[in-house]
J.: 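Below is one structure. I have some questions about it.
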Amino acid sequence: MSRITLSRFLIEQQRKAGTLPPELRLLIETVGRACKAISYSVNKGALAGILGEAGTGNIQGEAQKKLDVIANDFLLDANEWGGSLAAMASEEMELPYHIPGEYPKGEYLLMFDPLDGSSNIDVNISVGTIFSILRCPEGIDHPTQEAFLQPGTKQVAAGYTVYGPQTMLVLTFGSGVHGFTLDREHGSFVLTHSDMQVPESTQEFAINMSNMRHWEAPVKRYVDEMLAGKTGPLGKDYNMRWVASMVAEVHRIITRGGIFMYPKDARDPDKAGKLRIMYEGNPMAFIIEQAGGAATNGYQRILEIQPQGLHERIAVFLGSKEEVERITRYHQEQ
Ligand code: AHG
Ligand code: MN
Ligand code: MN
């Protein structure tokens with residue numbers, strides 16, 4: 001059988017009972033095209049002079065890497081003229097980006113973390129792009145941040161691209177999770193992973209252990225129990241991984257199971273966590289749930305949280321169902 005490229009896959013999905021409107025199909029393809037451009041830049045690294053600091057900061061108060069800015073620009077440039085979008089919002093921009101007047105506007109809102117794991121770019125470790133798509137509420141011509149503040153259950157599509165040993169685009173529009181590998185010779189994403197599923201149970205966890213002294217009691221309890229191994233209350237030995245690129249952790253979990261945690265901690269009591277609900281929490285929760293896993297903030301499904309701000313942060317626990325249910329129970333019981 002011939003290979004199924006991303007374009008063919010999306011067209012065939014569109015034909016199937018109209019589950020994927022043509023405008024959304026075009027939008028997903030365009031995001032994929034921008035990710036290809038980012039992938040080529042990431043691959044060139046020092047040869048293209050794209051490593052190192054940009055010398056600027058973003059709205060999160062974080063120093064921007066050159067590649068944070070380059071990836072953001074690729075996504076804006078690729079998506080502003082296609083006619084599917086009402087506006088875009090990015091981790092790297094304080095306010096929504098409006099579609100320039102010379103281009104037609106569409107009915108969707110696109111949000112992205114253009115470069116996730118940017119501390120890893122200079123040391124040649126996997127980074128990624130995360131995106132989430134919502135419908136723009138009716139009657140809004142000039143979407144402000146309020147238009148974006150919809151719970152994750154309203155997402156019509158979400159995905160990530162991991163720039164690792166292979167570049168892979170992993171995508172959901174609410175009927176399972178589909179994985180495509182970039183074929184550089186042909187310049188196209190090819191379906192290589194159909195119906196990706198997170199194993200229900202696991203013996204692998206991911207958390208930044210250096211923050212242990214700042215964690216809340218339920219997280220301390222759970223990690224202590226995992227570290228106690230076979231003779232502890234959980235009755236099994238665990239393995240630990242921490243890449244510091246959420247995209248790479250989620251990709252590992254979707255491939256072989258695991259739990260990823262970025263809890264709220266006491267370093268900055270005003271923040272509910274490090275990761276952002278609109279660009280990281282919601283899209284990853286949608287993908288993980290579609291792959292049979294679970295995602296909570298310790299108390300409730302991430303997808304059901306009503307966001308209060310474009311750059312709002314939340315605690316994230318996601319991955320294999322049994323483990324996410326356990327840490328959620330520990331929060332609820334305290
Ligand atoms: P970003 O590069 O978009 O700011 O995201 C980095 C995030 C996430 O990818 C990763 O899991 C986490 O921050 C790493 O945090 P630590 O630096 O605390 O390890
Ligand atoms: Mn990120
Ligand atoms: Mn980022």
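These values consider heavy atoms only, across backbone and side chains, with no hydrogens, waters or symmetry-generated copies. Read the numbers this way: they start at 1 and go in the same order the structure lists the ligands and their atoms.
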J.: Run the ring-centre check on Phe180 versus His193 and record whether the distance is less than 6.0 Å.
T.: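 Aromatic pair excluded; centres sit 6.0 Å or further apart.
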J.: Ignoring hydrogens and angles, state whether a donor on the side chain of Glu204 or Asn239 is under 3.5 Å from an acceptor on the partner side chain.
T.: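 Side chains of Glu204 and Asn239: pair found under 3.5 Å.
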J.: If we ignore angles and hydrogens, is there a donor and acceptor under 3.5 Å between the side chains of Thr181 and Gln166?
T.: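 No, Gln166 and Thr181 have no side-chain donor paired with an acceptor closer than 3.5 Å.
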J.: Identify, with sequence neighbours excluded, every residue that meets salt bridge (Lys or Arg N to Asp or Glu O under 4.0 Å) alongside Asp122.
T.: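 So Asp122 forms a salt bridge (Lys or Arg N to Asp or Glu O under 4.0 Å) with Lys65.
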J.: Looking only at N, O or S atoms in Glu280, which is nearest to the Mn ion (ligand 2)?
T.: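 Closest N, O or S atom of Glu280 to the Mn ion (ligand 2): OE2.
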J.: Assess whether a salt bridge exists between Lys220 and Glu216, defined as any Lys/Arg side-chain N lying under 4.0 Å from an Asp/Glu carboxylate O.
T.: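 Looking at Lys220 and Glu216, the cut-off is not met.
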J.: Taking salt bridge (Lys or Arg N to Asp or Glu O under 4.0 Å) as the test, write out the residues that go with Glu92, two or more places apart.
T.: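 So Glu92 forms no salt bridge (Lys or Arg N to Asp or Glu O under 4.0 Å) with any residue.
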J.: Would one find more than 12 heavy atoms of other residues, nucleotides or ligands at under 6.0 Å from atom NZ of Lys154?
T.: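 Atom NZ in Lys154 is not packed in, count stays at 12 or less.
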J.: Non-hydrogen atoms closer than 4.0 Å to ligand 1: which protein residues do they belong to? List them by chain and number, please.
T.: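 For ligand 1, the contacting residues are Glu62, Glu91, Asp113, Leu115, Asp116, Gly117, Ser118, Asn208, Trp242, Ala244, Ser245, Met246, Phe260, Tyr262, Lys274, Leu275, Arg276, Glu280.
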J.: Report the relative orientation of the aromatic rings in Tyr279 and His311; use parallel for angles under 30°, tilted for 30 to 60°, perpendicular for over 60°.
T.: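 Ring orientation, 0 to 90° scale: tilted.
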J.: How about His142: does its NE2 atom have over 12 heavy atoms from other parts shown lying under 6.0 Å from it?
T.: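 12 or below, so no.
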J.: Between Asn208 (side chain) and Tyr262 (backbone), is there a donor-acceptor pair under 3.5 Å?
T.: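 No, Asn208 side chain to Tyr262 backbone: no donor-acceptor pair under 3.5 Å.
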J.: Sorted by chain and residue number, which protein N/O/S atoms are under 2.8 Å from the Mn ion (ligand 3)?
T.: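 Only Glu91 OE2, Asp113 OD1, Leu115 O fall inside 2.8 Å of the Mn ion (ligand 3).
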